[in-house]
Amino acid sequence: DLKYEMTHEVIGKNSAVVEYSSSGTLENNEKGVPAYMRGKKYVLKNCTRMDFENGKIVSEATYFDQVSFLKQMGYFEQKK
């Protein structure tokens, strides 16, 4: 049920920045997902920057708020 929604973009001659939200549910079949996270829904704000040369992407970096994601998954509620 993964969904993406673009919220903002800035396009330059040799680069682009795209802001978007993603949402979904962590499913049981995802390898390495702790049991307490399975089946939980999440919403993330993301930002991706791409650099272009000769019409091709030569570098890309994506950022998101990992603490927000971990809070939504109940990570901080787990006993260590």
Side-chain angles (χ1 to χ4, degrees):
D1 65 346
L2 181 61
K3 295 180 184 176
Y4 293 98
E5 181 181 342
M6 287 184 51
T7 56
H8 190 76
E9 62 184 54
V10 178
I11 309 296
K13 182 177 178 182
N14 296 310
S15 64
V17 176
V18 180
E19 293 178 354
Y20 57 98
S21 65
S22 57
S23 62
T25 306
L26 285 183
E27 297 295 335
N28 290 333
N29 60 350
E30 293 186 33
K31 185 178 179 180
V33 174
Y36 68 89
M37 290 185 178
R38 293 183 182 148
K40 291 200 175 176
K41 295 189 177 295
Y42 63 90
V43 177
L44 295 174
K45 292 182 180 178
N46 309 280
C47 182
T48 298
R49 177 195 165 102
M50 295 167 277
D51 293 309
F52 306 102
E53 286 181 15
N54 301 318
K56 295 183 180 183
I57 298 171
V58 294
S59 67
E60 177 269 337
T62 297
Y63 304 92
F64 71 98
D65 184 348
Q66 188 172 20
V67 172
S68 173
F69 175 74
L70 292 173
K71 284 181 180 178
Q72 293 175 67
M73 293 296 107
Y75 175 81
F76 297 108
E77 298 161 5
Q78 301 304 306
K79 293 187 178 185
K80 306 283 182 201

| query | Which value, rounded to the nearest 0.5 Å, describes the distance between Met37 atom CE and Thr25 atom OG1? | reply | 14.0 Å
| request: Would you mind reporting whether Glu5 and Tyr20 have side-chain heavy atoms less than 4.5 Å apart? | output: no
| Ser59 side, atom OG; Glu53 side, atom CD - distance, nearest 0.5 Å | 8.0 Å
| Does Tyr42 have any ring-ring contact (aromatic ring centres under 6.0 Å, His included) partners at least two apart in sequence or in another chain, and if so, which? | Phe69
| side-chain contact (heavy atoms from CB on, under 4.5 Å) between Leu70 and Phe76: does it pass, once the steps are laid out? | CA-CA 7 Å; Leu70 292 173; Phe76 297 108; 3.7 Å; yes
| query | Taking the side chain from Asn54 and the backbone from Lys56, do they hold a donor-acceptor pair closer than 3.5 Å? | reply | no
| query | So which heavy atom on Asn46 is nearest to which on Ser21, and how close? | reply | ND2-C, 3.9 Å
| Is it true that a side-chain atom of Ser15 and a backbone atom of Met50 form a donor plus acceptor pair closer than 3.5 Å? | no
| note | In terms of heavy-atom contacts, Ser23 and Val43 come closest through CB-CG2, 4.0 Å
| Residues in salt bridge (charged side-chain N to carboxylate O under 4.0 Å, His left out) contact with Lys41, at least two apart in sequence or another chain | Asp1
| Exercise: do Thr48 and Tyr63 side chains pair donor with acceptor under 3.5 Å | no
| message | Quick check: closest heavy atoms across Val17 and Cys47, and the distance to 0.1 Å? | response | CG1-SG, 3.6 Å
| query | Would you say the side-chain atoms of Thr62 and Glu60 include a donor-acceptor pair closer than 3.5 Å? | reply | yes
| said: Grouping I, L, V, M, F, W and Y whenever their side-chain heavy atoms are under 4.5 Å apart, do Met6 and Ile11 come out in a common cluster? | reply: no
| Tell me, do Phe52 and Ile57 make a side-chain contact under 4.5 Å, heavy atoms counted? | yes
| task | Identify the residue among Arg38, Lys40, Met73 that makes a side-chain contact (heavy atoms from CB on, under 4.5 Å) with Leu26. | result | Met73
